[in-house]
Amino acid sequence: MKLESKIPEGPISEKWTKFKSTVPLVNPANKRHLEIIVVGTGLAGASAAASLAEMGYKVSAFCFQDSPRRAHSIAAQGGINAAKNYQNDGDSVFRLFYDTIKGGDYRAREGNVHRLAEVSTSIIDQCVAQGVPFAREYGGTLSNRSFGGTQVQRTFYAAGQTGQQLLLGAYSALERQVGLGNVKMYNRHEMVEVVTIEGKARGIIARNLVTGKLERFFSHAVLLCTGGYGNVFYLSTNAMGSNVTAAWKAHKAGAYFGNPCFTQIHPTCIPVSGHYQSKLTLMSESLRNDGRIWVPKKQNDDRHPNDIPEDERDYYLERRYPAFGNLVPRDIASRAAKERCDGGYGVGPSKMAVYLDFKYNMMQKYGRTEASKHNIENPDDATLLRLGQEVVKEKYGNLFDMYKQITDEDPYEVPMRIYPAVHYTMGGLWVDYNLMTTVPGLYALGEANFSDHGANRLGASALMQGLADGYFVIPLTIGSYLSGEIHTKAIPTTHEAFEAAEKRANERIQNFLNINGTRSVESYHRELGLIMWNKCGMARNEKGLNEAIAEIRALREDFYKNVRVPGTDKEFNPELDKAGRVADFLELGELMCIDALNRNESCGGHFREEFQTEEGEALRDDENYKNVFAWEHTENNKWELHKEELVYENIKIQQRSYK
């Protein structure tokens, strides 16, 4: 199959406008007869379900949590980008477009990214209208702050809980439609199969996680809004339940998987504290606005951070990247932290951490401003610190409280200790400009698709993409497909395709229960995570990737011989749910390593140690790898590679520099 991106012709600034003006539509009377399934109810899913129901479609929404409010979108902290230029600092739609393409190391589609930048401004208006409590300045105007990879302030935020507030807005819109009878909500249901009939997506098989029953659902189109697959690494900032199962079942049903090895490592996470951990905690990138990252200049320095004089501290990001300083993109900040720790300059008990220090800006930036407001002349350090702390508490208080609860250290008194951790996946199901996968009628939105972030996502752009896809993109693009489906009557779920899909799902479940081995599902997940982190994590090389592929295959073989899943399939059984998810991770992990092995370059979050500059930066190969890797599943754990060439007509490709 040839990959068709379906990007409209014409100048970049007119593509989306032209598309909206010419896309086929479905009239209101016909919408009432068309059924849409939305799997996942985070920002992308909740906004899509609410918008499509508002337009008149019959929508069924599914989530495996007990409420859509439990979606992992709620965990996002720092903010959401939009090219509003409220700060009058030179921002524009084109600058957001450029920053996103450059931040992704020139591995994203121009058409999709420019549309995202265009739509970003409408997202803020939509959310304000819903009552999302964005932070405001004293005069009442919306406040902005900076995030990595930019030199403007375009990030809107609600303290350190932006994702929660945005999700509450989308959830309210969704529940309104549920109340009106336009959306049928299925909580505690997990999609375990995509049903295809004559090559088109025609519904799903979902498992009721409370009763264990497999249930069949027909639709004219299926939307996957199921998030990313970072939990393949076991330790990540993702919610414990986040998984790849829905996307993976779609992949095995014919949807190509795009750039699976493009994984984002977030530089500001609380370090691993022991082997007993099953989750890592993010400290928002917004903290890099006012926190300065440093390590001691002396190797293996065990002194308390407050005892290390200023001239013995290495503010290595400010030293290496003076133009952007502590606000370089995440992949660059993460690799720099790893380089310092690997060189013996790490801090804390594990020596695998660096300091994030707020004292300087607390005193010199905020303390002096507050002292001036209070007409305090020549304030002493104690006064500056006290006044500055109040401002920092207002901006970041919940994040500081979270850090203290987890580490028992007060970040107002001592610097935070941080280290990179898996946070987001830029890879996902391949989609065209309409967000449709290679299976007609099957769409992927938000983090579940690959489309907007290239090899590295800029901070505060995940929320932007999720809401853009759900509120503004899919309501228009889906008409292109559904306008041709108005004569398709509802297909009974007794159809042989539904029978076959349910049979596959049931056989898989029975297989897990019948193995009756000696090892827990958790032990396999942990072992897989170690393989992935050590050999397909922040740095990869040919030898390690080949070893990882062999180790994952052996681990998967042992899993199907030796895993123990207690309980039955006729009850609430989280271990059985987890077994299915880990089985999918064991297949995905192999594909990620194969993808990384085939991409003989370094770009963004994909850092092959063999391909780097003399200064240790990522070395791209635009001649051979300026493309999207889209993998087709051909048979049992075998894949065929397809490539979509990326065309840049509006941005000059060059070596990324933040110096």
Side-chain angles (χ1 to χ4, degrees), residues 145-146 148 151 267-271 283-328 332-372 376-397 399-400 403-404 407-420 615-616 658-659:
R145 55 190 178 199
S146 296
Q151 292 179 309
T268 53
C269 300
I270 298 178
M283 287 287 103
S284 169
E285 180 166 320
S286 62
L287 295 174
R288 288 200 274 150
N289 273 272
D290 295 311
R292 303 176 71 197
I293 296 174
W294 63 275
V295 292
K297 290 183 177 179
K298 176 184 171 185
Q299 291 176 314
N300 302 312
D301 195 331
D302 292 323
R303 287 178 290 175
H304 189 279
N306 291 345
D307 294 334
I308 300 177
E310 192 70 19
D311 61 355
E312 295 182 33
R313 301 180 178 189
D314 178 15
Y315 295 92
Y316 58 89
L317 290 179
E318 297 174 20
R319 169 173 57 82
R320 291 175 60 177
Y321 308 101
F324 283 74
N326 295 294
L327 285 172
V328 293
I332 291 175
S334 294
R335 283 196 294 273
K338 181 180 187 297
E339 184 270 333
R340 288 289 82 191
C341 292
D342 289 350
Y345 298 95
V347 301
S350 67
K351 298 299 182 186
M352 295 301 286
V354 298
Y355 289 127
L356 180 62
D357 196 336
F358 297 87
K359 188 173 182 180
Y360 178 85
N361 281 320
M362 222 181 307
M363 293 173 63
Q364 303 304 326
K365 181 179 177 181
Y366 297 118
R368 290 202 177 278
T369 300
E370 291 301 302
S372 179
I376 301 174
E377 296 186 11
N378 301 317
D380 58 20
D381 287 353
T383 301
L384 291 174
L385 201 55
R386 174 177 56 81
L387 294 172
Q389 276 187 3
E390 292 303 313
V391 179
V392 169
K393 181 177 285 189
E394 187 176 332
K395 280 178 168 284
Y396 310 114
L399 299 172
F400 277 50
Y403 183 87
K404 186 175 181 180
T407 66
D408 198 29
E409 295 177 0
D410 187 350
Y412 293 106
E413 303 292 336
V414 296
M416 289 183 178
R417 285 179 290 111
I418 58 168
Y419 192 72
E615 297 174 320
Y658 292 93
K659 297 184 177 182

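Both backbone and side-chain heavy atoms feed into the values below; hydrogens, waters and symmetry mates do not. We number each residue from 1, following the sequence as shown.
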Taking side-chain hydrogen bond (donor to acceptor under 3.5 Å, both in side chains) as the test, write out the residues that go with [X], two or more places apart.
X: N378; value: none
X: E318; value: R292, N326
X: D290; value: K365, Y366, Y396
X: T407; value: none

Just jot down the side chain to side chain contact (heavy atoms under 4.5 Å, CB included) partners of [X], sequence neighbours excluded, or say none.
X: R313; result: W294, I308, E310, Y315, D357
X: C269; result: T237, H266, L282, A421
X: E377; result: none
X: E390; result: none

Spatial distance of atom CD1 (I293) from atom CZ (R340) [nearest 0.5 Å]
13.5 Å
Would you give the length of the straight line joining atom CD of Q389 to atom CG of L384, rounded to the nearest 0.5 angstrom?
11.5 Å
Could you tell me which residues satisfy salt bridge (charged side-chain N to carboxylate O under 4.0 Å, His left out) with E409, sequence neighbours excluded, listed by chain and number?
R417
Checking Y321 now: which residues fulfil ring-ring contact (aromatic ring centres under 6.0 Å, His included) with it, not counting sequence neighbours?
none
Could you tell me which residues satisfy ring-ring contact (aromatic ring centres under 6.0 Å, His included) with F358, sequence neighbours excluded, listed by chain and number?
F400
Looking at side-chain heavy atoms only, is the closest gap between [X] and [Y] below 4.5 Å?
X: I332; Y: R320; value: no
X: V414; Y: H304; value: yes
X: L387; Y: I376; value: yes
X: Y412; Y: K404; value: no

With a 6.0 Å cut-off (strictly less than), is the heavy-atom count around [atom1] of [X], excluding the residue itself, greater than 12?
X: K393; atom1: NZ; value: no
X: D408; atom1: CG; value: no
X: K395; atom1: NZ; value: yes
X: Q364; atom1: CD; value: yes

Please report the shortest heavy-atom distance between [X] and [Y], naming the atom on each side.
X: G148; Y: E285; answer: N-OE2, 2.6 Å
X: R288; Y: V328; answer: NH1-O, 2.8 Å
X: Y419; Y: A337; answer: CE1-O, 4.4 Å
X: A336; Y: Y316; answer: CB-CE1, 3.7 Å
X: Q299; Y: G343; answer: NE2-O, 2.6 Å
X: P415; Y: N306; answer: CD-OD1, 3.8 Å

Strictly distance-based, threshold 3.5 Å: is any side-chain N or O of R368 a donor or acceptor partner for the main-chain N or O of P379?
no
Should V391 and E370 be marked as a side chain to side chain contact (heavy atoms under 4.5 Å, CB included) after you check the CA-CA gap, both sets of side-chain angles, and the distance that decides it?
CA-CA 8 Å; V391 179; E370 291 301 302; 3.5 Å; yes
Please report, to 0.1 Å, the donor-acceptor pairs under 3.5 Å made by any side chain of residues 346-355, with sequence neighbours excluded.
from, atom 1, to, atom 2, distance (Å)
S350, OG, M352, N, 3.1
K351, NZ, D302, OD1, 2.5

List the steps, then state whether side chain to side chain donor-acceptor pair (under 3.5 Å) holds for N289 with S286.
CA-CA 6 Å; N289 273 272; S286 62; 5.6 Å; no
